[in-house]
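Numbering starts at 1 and runs along the sequence shown.
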Amino acid sequence: MTGTSNLIELLTRNLRQSGIYIAFVFIVLLFTVLTGGTLLSPGNITNLVLQYSYILILAIGMVMIIVAGHIDLSVGSVVALTGGVAAVVVIREGMPWWVGIIAALLTGVLVGIWQGFWVAIVGIPAFIVTLAGMLIFRGLAMQVLDNVSLSPFPNEYRQIAGGFSNGLLGGPGYDIFTLLIFALASVGFAVQQWRARMRKLEYKQPVEALWLFAIRVLAVVAVIMAFGWQLANSRGMPYVLVLLAALVLIYGFVTQRTVFGRHIYAMGGNLDAAKLSGVKTKRVNFLLFVNMGVLAAVAGIVYSARSNSAQPAAGNMFELDAIAAAFIGGAAVTGGVGKVQGAIIGGLIMAVMSNGMQILGIDQSTQNVVRGVVLVLAVAFDVWSKKRSSVSA
């Protein structure tokens with residue numbers, strides 16, 4: 001089948017996904033103009049990565065939960081609890097920093113087992129279980145920390161969220177190693193896109209014309225390299241960005257290329273049909289919440305390393321940011337639709353808006369109003385696109 005050069009057709013074929021990328025570009029350009037270019041300055045881009053990495057980590061797990069037809073309201077409290085456990089082990093007990101990481105991850109696993117049991121085995125709706133978890137784990141975080149903050153962490157622990165791989169290959173005023181990593185990422189993206197195009201042609205699926213394909217890939221590569229250039233001119237490659245990239249690749253593969261991932265989408269699309277098809281729904285639900293507990297623990301480690309302390313109030317409202325990222329990124333309210341990449345873009349939209357409004361000096365109350373309006377519009381767009389699809393069908 002030959003490619004199509006109808007750009008409008010390509011954009012509307014999957015309006016939910018294409019719309020989010022257009023919105024992201026528009027919001028970045030808008031705040032770049034409003035902030036006089038400060039938004040895309042090397043230092044600010046680095047701060048964006050550091051400040052919002054834990055929300056993006058939570059969004060990866062949250063989109064999987066939402067695709068399966070659930071919700072998790074407890075992740076902010078789990079961030080506080082796991083960060084608190086790490087602080088008690090490392091700071092109060094004086095154990096090595098890596099022991100604190102293991103303790104935090106094990107705590108996340110136990111949290112996931114607890115919630116997975118009630119949701120998957122007992123059958124209590126996830127909304128109720130995680131609402132209770134929000135209270136339980138926040139209370140446990142207060143008890144673990146004796147209602148006080150603990151600080152500081154050792155330097156090795158702080159490097160998780162504040163370390164940079166700068167100067168490994170040198171560079172005249174910029175970090176060559178960072179540019180090399182982003183160049184390899186660009187090549188990997190181009191190869192992956194070409195292989196995806198070839199698979200579609202093999203199965204007689206419609207694709208864009210070759211010249212449009214080339215423009216799209218080159219545009220994305222240009223954005224990737226521009227992002228890398230800004231980081232290279234600041235402090236180099238943040239370690240937490242490497243962690244986040246690894247998680248995106250791993251979970252993108254799990255959700256799109258494995259049986260487990262297909263089962264998640266099947267459950268969210270039609271739970272009864274999934275059961276009749278032989279999907280072990282209890283097992284999938286249980287593993288989903290264990291996975292969410294682990295990712296919340298990772299976010300707790302990153303957040304405590306970033307703030308260099310563990311606080312009973314840490315992670316407040318993080319669950320709402322993660323949920324908003326998933327929905328803005330294209331996840332359907334009713335489940336069955338959503339991608340890890342979309343959740344990351346949704347999280348970046350929230351990050352850019354928050355950061356841009358902070359640069360402009362807009363007060364927190366107004367920021368909350370704007371973020372709430374954006375979330376409502378994203379869900380309204382999802383509902384509209386579904387109605388549009390059903391009418392055209």
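Heavy-atom neighbours of R283 CZ from other residues, nucleotides or ligands within 6.0 Å: at or below the threshold of 12. Environment of CE in M198: crowded, with over 12 heavy atoms of neighbouring residues, nucleotides or ligands closer than 6.0 Å.
Ring geometry for F153 versus Y157: interplanar angle under 30°, hence parallel rather than tilted (30 to 60°).
Among residue pairs with one or both ends in residues 340-376, none qualify as ring-ring contact (aromatic ring centres under 6.0 Å, His included); sequence neighbours excluded.
Using a 4.5 Å heavy-atom threshold, the side chains of T255 and V67 count as separate. Within the 4.5 Å cutoff, the side chain of Y251 has heavy atoms near those of the N291 side chain. Counting only heavy atoms from C-beta outward, the side chains of W97 and Q159 never approach each other to under 4.5 Å. Within the 4.5 Å cutoff, the side chain of D72 has heavy atoms near those of the M62 side chain.
A cation-pi arrangement is absent between R306 and Y54, since the terminal nitrogen or guanidinium carbon is not both under 6.0 Å from the aromatic centre and inside a 45° cone about the axis.
Atom OG1 of T281 is separated from atom CD1 of I264 by 12.5 Å, given to the nearest 0.5 angstrom. Atom-to-atom distance recorded for T32:OG1 and L40:CG is 3.5 Å, nearest 0.5 angstrom. With values rounded to the nearest 0.5 angstrom, L135 atom CG is found 10.0 Å from T130 atom OG1.
Of the possible polar contacts, none joining the S277 side chain to the V279 backbone as a donor-acceptor pair under 3.5 Å is found.
In plain terms, the two heavy atoms of T82 and G108 that are nearest each other are CG2-N, 4.0 Å. Across every non-hydrogen atom of A296 and L58, the tightest pair is CA-CD2, 3.7 Å. Nearest heavy-atom pair across M225 and S186 is SD-OG, 3.5 Å. Closest of all the heavy-atom pairs between A80 and P312 is CB-O, 4.0 Å.
Side-chain contact annotation: Q311 with Y303, donor-acceptor N/O pair under 3.5 Å absent. For N44 and S41, the side-chain atoms include no donor-acceptor pair closer than 3.5 Å. Side-chain contact annotation: Y52 with N355, donor-acceptor N/O pair under 3.5 Å absent.
Side-chain heavy-atom separations under 4.5 angstrom define the hydrophobic clusters, and the remaining members of the one that includes V191 are V187.
For the pairing with P238, the side chain to side chain contact (heavy atoms under 4.5 Å, CB included) check across L231, N47, T178 returns one residue only, L231.
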